[in-house]
Amino acid sequence: MMKMTHIISIFAVMVAVLLSGCADNGKNSNGEWVLAWEDDFSTIDSASWSKIPRWHPEWAQKMSDNPMCYGIRDGNLILRGVVNPDMADSVDYITGGLYTKGKRAFHGGKIEVRARLQGAK
C-alpha cells in the first residue's frame, strides 16, 4: 500500500505543476502554438520554481525540501521519493515537488510535460 501512496504522491506533484498554469491563448495568427516559456533545468531556477511545502492535503504531507529528493541530470529534473531519514518525523516517506505559485502566471493555452514515472522499489 505504501508503494502505491508513493506513486500517487509523485503523480500529484506532477499534476500540481501542470495545474500551476499555462500561457494566454498561446496561439499565433495562424493558429499555431507559440512557446511562451520553457525550462531546461540546468538548475532549479528560484525565480520560477519553489519547492512545495508540507500542508493539509494527504499528498502534500510528504513534501520535503531535503536535497535527497531533488536532482538534475542532463537537463532533466529528478524528483525522488525516499525513505524519510528523520526518525522524529511522522511520515515514512518524503518526496520532492516544485510549483510556480506566486512566480509565474499563466492563463489559457497548452502545457507540455515530458515525464517518466518509475515504480517504487
Please determine if Glu112 and Lys110 form a salt bridge, counting it only when a charged side-chain N lies under 4.0 Å from a carboxylate O. yes

Only counting residues at least two apart or in another chain, list the ones meeting side-chain contact (heavy atoms from CB on, under 4.5 Å) with Glu32. Asn28, Asn30

Note: Arg54 and Gln61 closest approach over all heavy atoms is NE-O, 3.3 Å

Residue set satisfying side-chain contact (heavy atoms from CB on, under 4.5 Å) with Pro67, at least two apart, ordered chain then number -> none

Hydrophobic clustering (ILVMFWY, side-chain heavy atoms < 4.5 Å, transitive) - are Tyr99 and Trp55 grouped together? yes

Hey, what do you get for CH2 (Trp33) to NZ (Lys27), rounding to the nearest 0.5 Å? 4.5 Å

Who are the side-chain contact (heavy atoms from CB on, under 4.5 Å) partners of Asn66, not counting sequence neighbours? Ser64, Met68, Cys69, Pro85, Ile94

Taken to the nearest 0.5 Å, the spacing of Tyr70 OH from Leu79 CG works out to 7.0 Å

With heavy-atom distances below 4.5 Å as the criterion, would you say the side chains of Ile78 and Ile72 are in contact? no

Is it true that a side-chain atom of Thr95 and a backbone atom of Lys62 form a donor plus acceptor pair closer than 3.5 Å? no

All heavy atoms of Met63 vs all of Ile52, minimum pair found to be CB-O, 3.2 Å

If the condition is side chain to side chain donor-acceptor pair (under 3.5 Å), which residues does Lys103 pass it with, not counting sequence neighbours? Ser50

Return the set of residues passing side chain to side chain donor-acceptor pair (under 3.5 Å) with Asp39 (not counting sequence neighbours), or none when no residue passes. Trp49

Should Asp92 and Val83 be marked as a side chain to side chain contact (heavy atoms under 4.5 Å, CB included) after you check the CA-CA gap, both sets of side-chain angles, and the distance that decides it? CA-CA 6 Å; Asp92 295 329; Val83 174; over 6 Å; no

State which residues pass side-chain contact (heavy atoms from CB on, under 4.5 Å) with Asp86; sequence neighbours excluded, sorted by chain then number. Asn84, Ala88, Asp89

Between the CG atom in Leu98 and the CZ atom in Phe41, the distance rounded to the nearest 0.5 Å is 6.0 Å

For residues 40-52, the salt bridge (Lys or Arg N to Asp or Glu O under 4.0 Å) pairs (sequence neighbours left out) are none

